[in-house]
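To start, the structure itself, in structure tokens.
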Amino acid sequence: MKTKILWIDLNCSYAHASLALPALHAQMMDRADVEWQVVSATVNENPGSTVEKIFRHRPDILAATAWLFNHEALLHIASRAKALLPHCQLVLGGPEFLGDNEAYLRQHPYVDAIFRGEGEESFPQWMACRTQKEAWRNVDGLCYLESPGGAYIDNGTARVARFEQLVPPEASPFFNWDKPFVQLETTRGCFNTCAFCVSGGEKPVRTLPLADIRERLENIRRHGIRDVRVLDRTFNYNATRARELLRLFRTFHPDLRFHLEIHPALLNDELKALLKEEIPAGLLHLEAGIQSLHDDVLRACRRKGDLQTSLDGLHFLCSLPHLVTHADLIAGLPHYRLSQIFDDVRTLAGYRAGEIQLESLKVLPGTAMRNQATELGICYSPLPPYEVLKTHDLSPAELQTARLLSRLLDGYYNTAAWQEVTRQLILHDSDFLPCFLDDLTQRNVIDQPLSLEHRGILLYGFCQKHYPAFVGSVTQAWIEAGLSLKKSPAERVRTKHIVPPEHWKVLKGTYKPSLRLCFLPTDDEGTQGYWYGYESEMQVAQPVFKAMSD
């Protein structure tokens, strides 16, 4: 009789997919005595309907992976399913269980066991003895209670010793090829020791051979997927290997695009030359973990890499026009003050970072920062996502300001239409960000979903009042975003009775008489300014032509 395993595939949206199910199933595909089933849902769905689907399957084993943003919803589903199926074994794994799991197991007695660490080898090991609890002591990474209310058994953290020998998750029929991107590990583990990261203790670093990576990328290309998110914790921890991988990725251009996490302090001259001279536009999307631009903050986080070298590397990456480089900052790190966060955003804007991501610290289970939170003066939420609530250097009010600043950056700097004018304003005046943030907060719109148009109107009105020299730049951004020429940011635009000048300097596109023109004057006389040409009606369309009066 087959053992029926049902996997609860619970994600934030159907655009996301976890690798856990196909990664585990791939190692056990040949077992004829095991039948795998899956119930998929999102955290926003009614748990009752998901539980009913689970009950219909009558599984012997119910399994799932828990992480920050699905954990609470998962408990609602799993607890109800176990009440309906008391003889079903419920086992959980994932990053939520990298810390001490005793209290969790005692608080949630319907959970039979927890897997800590990497499960590809330990889960099949447990399957072989799942009905013989005395043998569970030999399963790496397994945490459980010997009996209800009994002794807690902790078998440490499971690490896959032969990472390169694992069957790839893409081999499993449960691998989802319908998503807009796929995830690919080319290494496992991390050389760094960042106290805030769950990968800070993942040693040693294990790698896949380049030939295997090439074969897997060929498979991804055959399935018509364009975006590959490389899950290496630090892609360039080994500069030689990073160069080999980049040259391999280049052979898949333009069919594939790669998202990489890169450490700017580890860019040697050869890697810089390769990135500058050999990588085609559109191939790479780089995420540069910088976290803070202050030495004492990074030392407290135990992050390796000299700060000045990191800044030089980040400046170099941001200077390459054919690459998109995002930079990360984390509010709530030890010694990190609100004024420094504003300063760091300004510095990154000066570097022309493609995106500035400001997140609040999550004090995650199993991290050194959680173990040292009291010593470091960090107060954090006891429930997921474990966000920091205050530190010695940030009050609760200041942390909320940092959160709202993140929303401002996402709405303006990280939005293509408003990025350049927002960058100009940030660099023009160090008071712009706090003042604009205060204005949006007072209007009670900073926490609201705002359309591209509404954001432009708010910025235009703010500049009219406080930064009149930038009103024209906001209008240009408005026009080039294809927004309505009847709204206030376009109030100076002329659309009627305009004749092209005898001479103009073409900035974009090619002029032809059939284009419909509009003119944005930049002087009081209305003779100098910018000309825009449209293929069709001008109310909501992006111009195909731009020129400046000569």
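The shown structure was predicted, so the numbers you read here are calculated from the model rather than taken from an experiment. These values consider heavy atoms only, across backbone and side chains, with no hydrogens, waters or symmetry-generated copies.
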With side chains defined as the heavy atoms from C-beta onward, is the minimum distance between [X] and [Y] less than 4.5 Å?
X: L92; Y: L90; value: yes
X: P59; Y: C88; value: yes
X: F252; Y: V228; value: no
X: V324; Y: L286; value: no
X: Y104; Y: I114; value: yes
X: E164; Y: R206; value: no
X: H108; Y: S79; value: no
X: L208; Y: R216; value: yes

Derivation and outcome, side chain to side chain contact (heavy atoms under 4.5 Å, CB included), residues Q89 and L62: CA-CA 6 Å; Q89 288 177 300; L62 194 59; over 6 Å; no

Does any N or O in the side chain of [X] come within less than 3.5 Å of the main-chain N or O of [Y], such that one atom is a donor and the other an acceptor?
X: T347; Y: D343; result: yes
X: S292; Y: L333; result: no
X: Q27; Y: V167; result: yes
X: N155; Y: C143; result: no
X: D232; Y: T187; result: yes
X: H263; Y: A265; result: yes
X: R241; Y: L210; result: no
X: W36; Y: L6; result: no
X: R221; Y: L256; result: no
X: N70; Y: L10; result: yes

Taking the basic N atoms (NZ, or NE/NH1/NH2) and the acidic carboxylate oxygens, is any pair closer than 4.0 Å for [X] and [Y]?
X: D33; Y: K2; result: no
X: R80; Y: E52; result: no
X: R188; Y: E185; result: yes
X: K390; Y: E398; result: no
X: E102; Y: R106; result: yes
X: E261; Y: R229; result: no
X: D112; Y: K82; result: yes
X: E146; Y: K133; result: no
X: D393; Y: R337; result: no
X: D447; Y: R407; result: yes

Could you tell me whether R370 sits above the aromatic face of Y386, with NZ or CZ closer than 6.0 angstrom to the six-membered ring centre and within 45 degrees of the axis?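 Yes, R370 lies over the aromatic ring of Y386.
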
Within 45° of the axis and under 6.0 Å from the centre of the six-membered ring of F249, does NZ or CZ of R247 qualify? no

Atom pair [atom1]/[atom2] of [X] and [Y] - distance to nearest 0.5 Å:
X: L307; Y: D295; atom1: CG; atom2: CG; value: 4.5 Å
X: N101; Y: F115; atom1: CG; atom2: CZ; value: 12.0 Å
X: N176; Y: E170; atom1: CG; atom2: CD; value: 12.5 Å
X: Q183; Y: I220; atom1: CD; atom2: CD1; value: 10.5 Å
X: L409; Y: Q357; atom1: CG; atom2: CD; value: 10.5 Å
X: I356; Y: I290; atom1: CD1; atom2: CD1; value: 12.0 Å

Would E387 and R403 count as a salt bridge (charged side-chain N to carboxylate O under 4.0 Å, His left out) if you check the C-alpha gap in whole Å, the side-chain angles of each, and the deciding distance to 0.1 Å? CA-CA 11 Å; E387 72 275 13; R403 182 184 69 81; over 6 Å; no

Decide if atom [atom1] of [X] counts as having more than 12 heavy atoms of other residues, nucleotides or ligands within a radius under 6.0 Å.
X: Q448; atom1: CD; result: yes
X: E72; atom1: CD; result: no
X: N46; atom1: CG; result: yes

Does the ring-ring contact (aromatic ring centres under 6.0 Å, His included) test come out yes or no for F97 and H71, once each step is laid out? CA-CA 11 Å; F97 304 114; H71 195 168; 5.7 Å; yes

Distance alone, cut at 3.5 Å: any donor-acceptor contact between the side chains of [X] and [Y]?
X: H294; Y: D344; answer: yes
X: D9; Y: N11; answer: yes
X: Y152; Y: D154; answer: yes

Mind running side chain to side chain contact (heavy atoms under 4.5 Å, CB included) on L267 and L275 for me, showing each step along the way? CA-CA 10 Å; L267 294 172; L275 288 168; 4.0 Å; yes

Taking side-chain contact (heavy atoms from CB on, under 4.5 Å) as the definition, give me every residue that meets it alongside N268, ordered by chain and number, with sequence neighbours left out. A239, R243, E270, L271

Please name all residues satisfying side-chain contact (heavy atoms from CB on, under 4.5 Å) with T401, sequence neighbours left out, ordered by chain then number. L338, F342, L437

Could you report the tightest heavy-atom contact between G289 and P264, atom names first, then the distance?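 The pair with the smallest heavy-atom distance is O-CD, 4.0 Å.
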
Tightest non-hydrogen contact, residues G332 and L394, listed as N-CD1, 3.6 Å

Between M369 and I378, does the side chain to side chain contact (heavy atoms under 4.5 Å, CB included) criterion hold? Intermediate values first, please. CA-CA 9 Å; M369 194 152 285; I378 297 173; 3.8 Å; yes

Below 3.5 Å, can you tabulate the donor-acceptor pairs from side chains in residues 358-365 to any protein atom, sequence neighbours excluded?
unit_1: K362; atom_1: NZ; unit_2: S360; atom_2: O; d: 3.0

Do H335 and H392 have ring centres separated by under 6.0 Å? no

Specify whether H25 and F174 have parallel, tilted or perpendicular ring planes, treating 30° as the upper limit for parallel and 60° as the lower limit for perpendicular. perpendicular

Parallel, tilted or perpendicular, as decided by the 30° and 60° cut-offs, for the rings of W67 and F69: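 F69 and W67: perpendicular rings.
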
Between K4 and D60, does the salt bridge (charged side-chain N to carboxylate O under 4.0 Å, His left out) criterion hold? Intermediate values first, please. CA-CA 5 Å; K4 293 173 67 175; D60 301 302; over 6 Å; no

Could you go step by step and tell me if L21 and T65 meet the side chain to side chain contact (heavy atoms under 4.5 Å, CB included) rule? CA-CA 9 Å; L21 169 59; T65 185; over 6 Å; no

